[in-house]
Amino acid sequence: MEGKINKQLKKVLKKIVKEAHEPLAVADAKLGGVIKEKLNLSCIHSPVVNELMRGIRSQMDGLIPGVEPREMAAMCLGLAHSLSRYRLKFSADKVDTMIVQAISLLDDLDKELNNYIMRCREWYGWHFPELGKIISDNLTYCKCLQKVGDRKNYASATLSEFLSEEVEAEVKAAAEISMGTEVSEEDICNILHLCTQVIEISEYRTQLYEYLQNRMMAIAPNVTVMVGELVGARLIAHAGSLLNLAKHAASTVQILGAEKALFRALKSRRDTPKYGLIYHASLVGQTSPKHKGKISRMLAAKTVLAIRYDAFGEDSSSAMGVENRAKLEARLRILEDRGIRKISGTGKALAKAEKYEHKSEVKTYDPSGDSTLPTCSKKRKIEEVDKEDEITEKKAKKAKIKIKAEVEEEEVEEEAAAEEEEEEVEEEPSVKKKKKKDKKKHIKEEPLSEEEPCTSTAVLSPEKKKKKKKKKEAED
């Protein structure tokens, strides 16, 4: 084994060296190399040699005369056991089965303790319900109950071993005015026996936890430094052994313990879980929620290296785990600080976060929504009415001026036309009438603005009226 030559083998090979003319068939290549170096004997190792060795072992009874089959079977069995034990390098300190059993028992003890304590509190609560509210610690509760028993004994009992002076005085005052019912001595005896069981199981649990810590530091010191005793032990128990855990990839170790959630997510095509048992590690627990997935991934990668180092390495120190944990803590600080750094500028200076002050807005009831009537009055202001009147007056004045100008132009044209008519001969009266009518059609009065129509009309002077009469007489 391990490429070493036994003394008996050495003597046999020395005799063969002198007579041998063919290479020596060797089942172990390492052993063949050692024989060639020390004895200068050529060796051969190949699949054909392995088949030859298998045939020799199967026909051992015929090749070695005088050996009974029973003795040969016993020799083969003993040789197989000794070889396998030697190859495993059996060490009592390296047995991970102890860890698997210890962590399983620790979980079972926690469940039983919770059940027992809950039952004890409910049972004794009928007699002294106030005690459960005053004493929150379960172990202290059971110790006080075991020492005193009936609530009538609290007045004379001294509980300074378990409670402070203030709590002790509160318990005694509550015992005097308790609303609990009276119970028999037999009930008290059963309750006290249950308290004794709780105290004993609690003591055994602390002892088992210390044993688990020591065993984890002996078998997997680097894993213990990285994720803690309980998480490391649960990972080993879930995988079955430390060697099986060392064969897992980092991504598998990250979600180990969340298989049900993983397959449910794959089936429903949703996001896969980011962590399993490794979630309870201290590094993941102290991380903010948005960085938990990233830290769990990095922690799983470093934990796998630690597991393989502990499983296959010969060194039993925890230096590697301490170094990797320091790197992860530094990375965690960078991730946590990155969120409060300045985006602009150099990015090295930390942003100054102002102190948050809660400013509550006091909102009052608005009664304007109660009424359906319009709140604003329809009456316009006096100033607005005055401005509108001024605007209308200005528009009316402009319209009057335009009308006067048009009327004057018409009068001038009419006078010129009358003079021409007097000079002309009265032979063509019908043509003149048509011309006058056409001229009257062409005269168009400009309409007033739509907003403020003007109703005023131009008044003709008496002289103009006389001229118009003369024109009509001449036409007739």
Side-chain angles (χ1 to χ4, degrees), residues 88 94-115 118 205 208-209 211-213 215-313 318 320-321 324-325 327-329 331-332 335:
L88 286 173
K94 285 286 184 180
V95 180
D96 48 10
T97 310
M98 307 298 174
I99 291 175
V100 175
Q101 298 297 331
I103 191 64
S104 301
L105 180 58
L106 199 66
D107 292 338
D108 293 340
L109 287 177
D110 287 335
K111 291 180 183 177
E112 292 299 322
L113 269 176
N114 286 333
N115 289 331
M118 180 185 67
R205 188 197 176 282
L208 185 66
Y209 181 69
Y211 165 78
L212 182 64
Q213 280 183 321
R215 185 61 70 182
M216 280 296 295
M217 285 304 296
I219 294 175
N222 294 290
V223 178
T224 307
V225 171
M226 291 297 298
V227 295
E229 301 89 4
L230 293 175
V231 178
R234 285 195 173 93
L235 288 173
I236 293 171
H238 199 82
S241 67
L242 187 63
L243 289 173
N244 290 342
L245 185 63
K247 296 174 186 177
H248 289 322
S251 57
T252 309
V253 173
Q254 182 182 349
I255 58 169
L256 208 63
E259 290 84 2
K260 191 181 289 186
L262 173 66
F263 292 124
R264 185 171 62 245
L266 291 174
K267 189 176 181 180
S268 59
R269 295 182 181 180
R270 294 182 180 178
D271 294 337
T272 54
K274 296 179 180 178
Y275 26 67
L277 291 170
I278 209 168
Y279 179 80
H280 301 286
S282 59
L283 276 173
V284 180
Q286 66 190 13
T287 313
S288 59
K290 64 178 180 179
H291 297 311
K292 281 187 187 295
K294 192 174 289 186
I295 287 296
S296 64
R297 187 180 68 248
M298 292 188 289
L299 180 61
K302 296 296 182 183
T303 304
V304 166
L305 293 178
I307 291 165
R308 291 169 184 170
Y309 188 84
D310 290 333
F312 304 114
S318 60
M320 181 219 183
N324 287 335
R325 187 179 175 88
K327 289 180 182 177
L328 283 175
E329 288 175 350
R331 177 67 176 155
L332 176 60
L335 286 174

Evaluation steps, side-chain contact (heavy atoms from CB on, under 4.5 Å), between Arg297 and Lys294: CA-CA 5 Å; Arg297 187 180 68 248; Lys294 192 174 289 186; 3.7 Å; yes
Residue pair Asn324, Leu328: steps toward the side-chain contact (heavy atoms from CB on, under 4.5 Å) verdict: CA-CA 6 Å; Asn324 287 335; Leu328 283 175; 5.6 Å; no
Leu256 and Leu245: CA distance, side-chain angles, deciding distance, side-chain contact (heavy atoms from CB on, under 4.5 Å) verdict: CA-CA 10 Å; Leu256 208 63; Leu245 185 63; 3.9 Å; yes
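Taking CG of Leu242 as the start and OG1 of Thr97 as the end, the distance is 11.0 Å to the nearest 0.5 Å. Of the inter-residue distances, the one linking His248 atom NE2 with His238 atom NE2 reads 8.0 Å to the nearest 0.5 angstrom. For the atom pair CG (Asn222) and CZ (Arg308), the distance works out to 14.0 Å, reported to the nearest 0.5 Å. Atom CG of residue Asn115 and atom CG of residue Asp110 lie 11.0 Å apart, to the nearest 0.5 angstrom. One finds the CG atom of Leu235 at 7.5 Å from the OG1 atom of Thr303 (value rounded to the nearest 0.5 Å). One distance of note links CD1 of Ile219 with CD1 of Ile99; it measures 3.5 Å at 0.5 Å rounding.
Shown here for Glu229 and Thr224, the closest heavy-atom pair between the two residues is CG-CG2, 3.6 Å. Taking all atoms of both residues into account, the shortest heavy-atom contact from Asp271 to Ala265 is O-CB, 3.4 Å. Contact record, Ala250 with Val304: CA-CG2, 3.5 Å, taken as the closest heavy-atom pair. Closest approach of Pro273 and Ile255 over heavy atoms only: O-CG2, 3.4 Å. Scanning both residues, Leu208 and Ala102, for their nearest heavy atoms gives CD2-O, 3.8 Å. The shortest non-hydrogen separation linking Leu212 to Ala233 is CD1-CB, 4.1 Å.
Listed by first and then second residue, the side-chain hydrogen bond (donor to acceptor under 3.5 Å, both in side chains) pairs that reach into residues 272-288 are Ser282-Arg325, Ser288-Glu336, sequence neighbours excluded.
A 4.5 Å side-chain heavy-atom check between Leu230 and Leu106 finds at least one atom pair inside the cut-off. Inter-residue side-chain proximity for Val223 and Tyr309 is flagged as unmet; no heavy-atom pair is nearer than 4.5 Å. Side-chain contact between Leu335 and Met298 is present, with heavy atoms from C-beta onward closer than 4.5 Å.
Although no hydrogens or angles enter the test, the distance criterion places no donor-acceptor pair under 3.5 Å between the side chain of Gln254 and the main chain of Thr252. At distances below 3.5 Å, not a single donor-acceptor pair connects side-chain atoms of Ser318 with backbone N or O atoms of Gly321.
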